[in-house]
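For reference, the structure discussed in these notes is given below.
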Amino acid sequence: MGRRLRTVIAVGNQKGGVGKTTNAVHVAAALGERGYRCLVIDLDPSAGATRHLGVPLQSFAGTLELLTTDETPEALIITKKLPKRVHLIPSRPQLSELDSMLSKFDDKTQILEKPLKLARRHYDFIFLDTPPSAGATTTVAAYSSADWFLLSVFPHPLSLSGLNEALKDIADVRQRRNPELEILGVILSCVDTRTRMAAELESVVAQSLPGRAFQTVVTQAIALPECSGKGKTLFQLKQFAEHKVVAQYRRLAAEVEYRVHHREAFLEGVLAPLDLATVAFVSEGDAALDGSSDEEEPDAEEMSMAAHE
């Protein structure tokens, strides 16, 4: 088995409704398809990732217990009926009460550090799905503990405003708390390529964050809210196996993988664009790609997770 990447990626934007959760679960699913083991930690009291992955609210302990008790990630993950090699630590509305449950002596910027240290042992990619509020304790903790920040933007003025606020927060946390935090990229989603707004958005991102736009954009598709309503990703529904957005998320995941594997060159601005035409994409049942984690799905008993499967 190859060495674990142990990469933590916070996903967000300081404006809600910009596809961050959809992007988080679909990029995780695409990376899982490529052979990587992925964990999604839902840090939002609205529990968007939990709902999107079809886990009933109030049915399981999750993020709240992770951050307020001695429960470990291994004890809290959900594995059943999720995309292949993707696990979830779920959220529920009571997470909004987190501040009242933490000691006044807790450093709220560090509450994710111990859980993430434990989780890194088992996962290549850990996605932190953050709430849209910059001041939320879980958002602050995600900024403080992540290796990368993955921004999601819709072609809409309010989405751009949220992007600008997120950039300011990232600059602030790099100066004050986590100098290792870097912007992995900006996902442009729900894009109608025929509109002027989409072109303007691409221009703004290119000017504000040179080299951080992805080659791949995610276009508008009614299939995304449809599968979300079913508690599934597109990767889990056979009728969408050949859908254009599935192909887009596969290419996007390949770009994420490429940047993470070549972090130094990417940050120095010398990493050549990934030639997507040469990337081999896999489907369920195919062998993992060279360089990816080829470990079989973990045994629940081995990881002390049986009670939550």
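Values below: all heavy atoms of this structure, side chains included; hydrogens, waters and symmetry mates excluded. It should be emphasised that the depicted structure is a prediction, and the values quoted were computed from it without experimental measurement.
Look at Arg174 and Glu182 and you find a salt bridge, because one of the NZ, NE, NH1 or NH2 atoms lies within 4.0 Å of a carboxylate O, short of that distance. Under a 4.0 Å N-O distance rule, the pair Asp172/Arg177 does not qualify as a salt bridge. Under a 4.0 Å N-O distance rule, the pair Arg92/Glu97 does not qualify as a salt bridge. A salt bridge links Asp129 with Lys20: at least one charged nitrogen is closer than 4.0 Å to a carboxylate oxygen.
No more than 12 heavy atoms of other residues, nucleotides or ligands sit less than 6.0 Å from atom NZ of Lys81. With a 6.0 Å radius and a threshold of 12 heavy atoms from other residues, nucleotides or ligands, Gln58 has its CD atom above the threshold. Summarising the local packing, CD of Glu264 is surrounded by 12 or fewer heavy atoms from other residues, nucleotides or ligands at distances under 6.0 Å. Shown here is Asp275, whose CG atom has more than 12 heavy atoms of other residues, nucleotides or ligands within 6.0 Å.
Note on Val140 and Leu150: separate hydrophobic clusters, where clusters join Ile, Leu, Val, Met, Phe, Trp and Tyr whose side-chain heavy atoms are under 4.5 Å apart, directly or indirectly. Leu76 and Met101 fall within a single hydrophobic cluster, where Ile, Leu, Val, Met, Phe, Trp and Tyr are joined by side-chain heavy atoms under 4.5 Å apart, directly or via other members.
Phe235 does not carry Arg250 over the face of its six-membered ring by the limits of under 6.0 Å from the centre and within 45° of the normal. Cation-pi geometry between Arg263 and Trp148 is met: under 6.0 angstrom from the ring centre, within 45 degrees of the axis.
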Starting from the C-alpha separation in whole Å, work towards a yes-or-no answer on side chain to side chain contact (heavy atoms under 4.5 Å, CB included) for Ile111 and Leu66.
CA-CA 9 Å; Ile111 57 174; Leu66 184 72; over 6 Å; no
Between Thr22 and Ser189, does a side chain to side chain contact (heavy atoms under 4.5 Å, CB included) hold up when you go through it step by step?
CA-CA 9 Å; Thr22 299; Ser189 52; over 6 Å; no
Hey, can you pull the donor-acceptor pairs under 3.5 Å for the side chains in residues 216-226, sequence neighbours left out?
from: Thr216; atom 1: OG1; to: Glu255; atom 2: OE2; distance (Å): 2.7
from: Thr219; atom 1: OG1; to: Gln248; atom 2: OE1; distance (Å): 3.3
from: Thr219; atom 1: OG1; to: Gln248; atom 2: NE2; distance (Å): 3.0

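Contact record, Pro45 with Leu43: CD-O, 3.8 Å, taken as the closest heavy-atom pair. Scanning all heavy atoms of the two residues, the minimum distance from Ala254 to Leu274 falls at O-CD2, 3.6 Å. Nearest approach of Ala241 to Val246, heavy atoms of both residues: O-CG1, 4.1 Å. Considering all non-hydrogen atoms of both residues, Thr72 and Leu118 come closest at CG2-CD1, 4.1 Å.
The shortest side-chain heavy-atom distance between Phe214 and Val186 does not fall under the 4.5 Å cut-off. The side-chain heavy atoms of Leu116 and Ile126, taken from C-beta on, include a pair separated by under 4.5 Å. For the pair Leu53 and Lys232, the minimum side-chain heavy-atom distance is 4.5 Å or more. Between Thr138 and Thr130 there is no side-chain heavy-atom pair separated by less than 4.5 Å. Annotation: side chain of Ile89 is not in contact with side chain of Val40 (no heavy-atom distance under 4.5 Å). Side-chain contact check for Asp42 versus Phe127: every heavy-atom pair is 4.5 Å or farther apart. No side-chain heavy atom of Asp124 sits under 4.5 Å from any side-chain heavy atom of Cys38. A 4.5 Å side-chain heavy-atom check between Cys227 and Thr233 finds every atom pair outside the cut-off.
Using a distance-only test at 3.5 Å, with no hydrogens or angles considered, a donor-acceptor pair links the side chain of Ser96 to the main chain of Pro93. Side-chain N or O atoms of Arg51 include one that pairs as donor or acceptor with a backbone N or O of Ser46 at under 3.5 Å.
Under 3.5 Å, the side chains of Asp99 and Thr137 contain a donor-acceptor pair of N or O atoms. Judged by distance alone, the side chains of Asn23 and Ser152 do bring a donor and an acceptor atom under 3.5 Å apart.
Using a 30° and 60° split on the angle between ring planes, Tyr36 and Phe125 fall in the perpendicular class, above 60°.
Partners of Arg121 under the side chain to side chain donor-acceptor pair (under 3.5 Å) rule, at least two apart in sequence or in another chain, do not exist in this structure.
To the nearest 0.5 Å, the span separating OG1 on Thr139 from CG on Leu128 amounts to 10.0 Å.
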